[in-house]
Amino acid sequence: MSHVTLLTGPERRRRWSEEDQCRILAAAFAPGATVAAVARQYDVATSLIYKWRRTVRARETGFAEVVVVPDKPFAASVPAAPPAVIELEIAGKVRLRIPLTTPPTLAAAMVKALGVS
């Protein structure tokens, strides 16, 4: 005789509406609130809340998050650093490196040609 287990209850892969996402985001990032507490309250993973926030920010601003990493101190055996550049990464698909010696009008034209303004 075979054994069959029937699982009932909510589907584990839920589909959150945009209104629900916005409501949860507002609660999670309200003054004095913690993301972990709100995640427990709505039974959602904290990582999903942060993912929703990144998605909303990217959609609203059209800009990607920029992370500035401080330079490490150079040792005597380390070769000279490459020339300074401005590096733009757009939607993880396009990377543009503009040397600091590039005239501003040319740099602006390159960025405009990519459709980023």
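Just so you know, residue 1 is the first one in the sequence shown, and it goes up from there. Because only heavy atoms are used, hydrogens play no part in the values below, and waters and symmetry mates are left out as well, while side chains stay in.
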Pairs of donor and acceptor atoms involving the side chains of residues 30-41, under 3.5 Å and at least two apart or interchain, shall be tabulated with distances.
| unit_1 | atom_1 | unit_2 | atom_2 | d |
| --- | --- | --- | --- | --- |
| Thr34 | OG1 | Ala37 | N | 3.3 |

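- In this structure, CZ in Arg23 is found 7.0 Å from OG in Ser17, a value given to the nearest 0.5 Å.
- One N or O on the side chain of Thr55 and one on the backbone of Lys51 form a donor-acceptor pair closer than 3.5 Å.
- Within a 6.0 Å sphere centred on CD of Glu87, other residues, nucleotides and ligands contribute more than 12 heavy atoms.
- Put simply, the side chain of Trp16 reaches to within 4.5 Å of the side chain of Ile24, judged on heavy atoms.
- Taking both residues in full, the closest heavy atoms of Ala107 and Thr102 are given as N-CG2, 3.9 Å, listed atom of the first, atom of the second, then distance.
- Atom CZ of residue Phe29 and atom CD1 of residue Ile49 lie 7.0 Å apart, to the nearest 0.5 angstrom.
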Residue pair Trp52, Val44: steps toward the side chain to side chain contact (heavy atoms under 4.5 Å, CB included) verdict | CA-CA 11 Å; Trp52 290 343; Val44 64; 4.0 Å; yes
